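None of these values were measured; they are calculated from a predicted model.
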Amino acid sequence: MQEHNEHPTIIQTNKIAGKLVEWRRRFHEHPELSFQEFGTSQFVAETLKNIDGLKVETGIGVETSVVATLTSGEGPVIALRADMDALPIKEENNVEYKSKNEGIMHACGHDAHTAILLGAAHVLAEKFQSGELNGTVKFIFQPAEESTDEHGLSGSPYMVKAGAYDHVDAAIALHVCPWLPVGKAQVNDGYSMANVDVFTAKIFGTGGHGAYPELGTDPIWMLGLVMQALNGIVSRKIPALEAGVISIGQIHAGTASNIIPNEVFISGTIRSYTPEMRDLLSQELKNALSVVEPLGGKYSLEVERGEPALKNDPRINNYFIQSMEEMFSGFQIVKRSFGMGGEDFGYVTQEIPGAMFFLGCGPKDGIQRDLHTPIFDIDEDCLAMGSAILVQTAVNFIKSESRSTNNNKMEEHANVS
């Protein structure tokens with residue numbers, strides 16, 4: 001894969017490639033959990049304030065959020081978003097930039113996302129200062145993508161509600177992708193990551209003495225039948241071409257070997273793409289639990305709806321693809337969905353046109369360093385590439401949408417005349 005080195009965005013981004021690595025390693029060394037990104041957001045805000053032409057705001061929707069705006073007046077408005085939080089994972093990498101916060105690690109690449117967006121802000125500021133663009137770019141540095149608060153909400157819905165995306169015509173984001181090497185990206189139209197719901201249920205019996213099971217009702221025995229019904233939902237209750245997952249993550253029951261408990265607790269996750277499938281899976285889960293009733297049992301079920309599915313707008317994806325092909329010779333684009341993981345950028349794409357792409361970052365050491373593992377790491381060559389793609393996508397969007405708007409105005413004027 002070769003860069004078109006004469007491309008102005010490549011030239012500008014390469015000038016700050018060293019800074020991108022420096023920033024990324026700083027964030028990696030000092031990871032912070034969801035809603036606790038105080039050091040990270042302070043560094044981001046201070047760095048942005050040194051860029052001419054940027055208006056920097058903090059605390060929009062979430063205390064640790066940062067939003068910076070570049071504008072030249074009237075024109076299209078595009079938002080570029082990065083998440084900043086880390087995970088409660090103990091890092092096992094032996095690198096000079098290893099996490100200094102015990103038990104906390106950037107194992108999902110948000111350190112890279114934040115550095116990449118900082119780089120994009122620097123380059124786009126130059127383009128605005130040169131008079132190249134007429135429009136507005138908002139840089140959204142979002143806290144708390146990984147976890148929710150006591151209200152079951154992550155950072156994105158708070159920022160959407162607080163107005164961070166008001167008057168935005170399109171929103172874009174990226175995610176580093178360890179299963180692809182640098183020089184490749186994954187793009188997908190439509191639903192690309194899952195609705196994320198959590199369920200908790202209890203199966204109730206009477207319990208009793210382990211030596212006399214016939215005298216009571218046994219919820220553990222009932223659980224076996226529930227598990228059979230539950231594990232048949234995806235294979236027998238939903239169309240084969242639809243995406244859906246129900247997985248049990250917790251089962252708790254009993255206090256002693258000779259006591260049949262009077263209840264069993266189970267909890268798990270429900271994943272889907274479409275709203276219809278989301279509703280169907282919840283209903284079928286209820287049906288699976290209801291098999292206990294003819295056996296003398298009862299049940300309770302609660303489903304907590306989390307982030308909505310990420311729905312990528314094909315028109316925005318075309319801007320990604322145009323920018324990648326324009327700047328990089330031999331760049332490979334893989335077109336398939338990103339899987340059943342969750343991504344709270346879905347709160348944004350359900351409100352305004354938007355899209356996320358996955359950027360190849362797989363290290364060259366041959367070790368599979370998956371997301372959310374203690375050995376996750378990236379090939380830092382992806383950083384400048386990520387910044388360049390975000391920048392050029394914003395440039396192409398603003399220029400194209402400006403031309404479209406001007407043409408429409410000319411047609412309206414001609415019709416009036």
>> Determine whether Glu96 and Arg25 satisfy the following criterion, salt bridge (charged side-chain N to carboxylate O under 4.0 Å, His left out), listing intermediate values before the conclusion.
In response: CA-CA 9 Å; Glu96 62 183 34; Arg25 293 187 177 191; 2.9 Å; yes
So with a 6.0 Å cut-off around [atom1] of [X], is the heavy-atom count from everything else above 12?
X	atom1	answer
Lys98	NZ	yes
Glu63	CD	no
Asp365	CG	yes
Gln250	CD	yes
Lys138	NZ	yes

>> Determine whether Ile321 and Phe357 satisfy the following criterion, side chain to side chain contact (heavy atoms under 4.5 Å, CB included), listing intermediate values before the conclusion.
In response: CA-CA 10 Å; Ile321 294 169; Phe357 72 94; over 6 Å; no
Examine the side chains of [X] and [Y] and answer whether a donor and an acceptor come within less than 3.5 Å of each other.
X	Y	answer
Thr9	Gln392	yes
Asn134	Ser402	no
Gln283	Asn287	yes
Gln12	Lys127	yes
Thr206	Thr217	yes
Gln368	Trp179	no

>> Is there a salt bridge (charged side-chain N to carboxylate O under 4.0 Å, His left out) between Glu46 and Lys49? Walk through the geometry before answering.
In response: CA-CA 5 Å; Glu46 290 174 353; Lys49 287 174 183 177; over 6 Å; no
> side-chain hydrogen bond (donor to acceptor under 3.5 Å, both in side chains) with Asp111: which of Arg24, His30, Arg26?
Replying inline: Arg24
> Should the pair His113 and His175 be assigned to parallel (<30°), tilted (30 to 60°) or perpendicular (>60°) ring geometry?
Replying inline: perpendicular
>> For the backbone of Phe199 and the side chain of Glu302, can you confirm whether one donor and one acceptor N or O come within less than 3.5 Å of each other?
In response: no
> Do the side chain of Ser323 and the main chain of Tyr319 share a donor and acceptor less than 3.5 angstrom apart?
Replying inline: yes
> Checking salt bridge (charged side-chain N to carboxylate O under 4.0 Å, His left out) for the pair Asp279/Arg305: CA distance, chi angles, key distance, verdict?
Replying inline: CA-CA 10 Å; Asp279 292 339; Arg305 292 207 162 185; 2.4 Å; yes
>> salt bridge (charged side-chain N to carboxylate O under 4.0 Å, His left out), that's the test. Do Arg81 and Asp344 meet it? Break it down for me.
In response: CA-CA 11 Å; Arg81 173 268 201 180; Asp344 81 347; 2.8 Å; yes
> Under 6.0 Å from the six-membered ring centre of Phe265 and within 45° of its axis: does the NZ or CZ of Lys202 meet both?
Replying inline: no
Ionic contact status for [Y] with [X], cut-off 4.0 Å:
X	Y	value
Lys399	Glu132	yes
Arg369	Glu92	no
Lys90	Glu102	yes

>> Here's a test for you: under side-chain contact (heavy atoms from CB on, under 4.5 Å), which of Ile78, Thr69, Leu70 qualifies with Thr136?
In response: Thr69
> Are His28 and Trp23 an aromatic pair by the rule of ring centers under 6.0 Å?
Replying inline: no
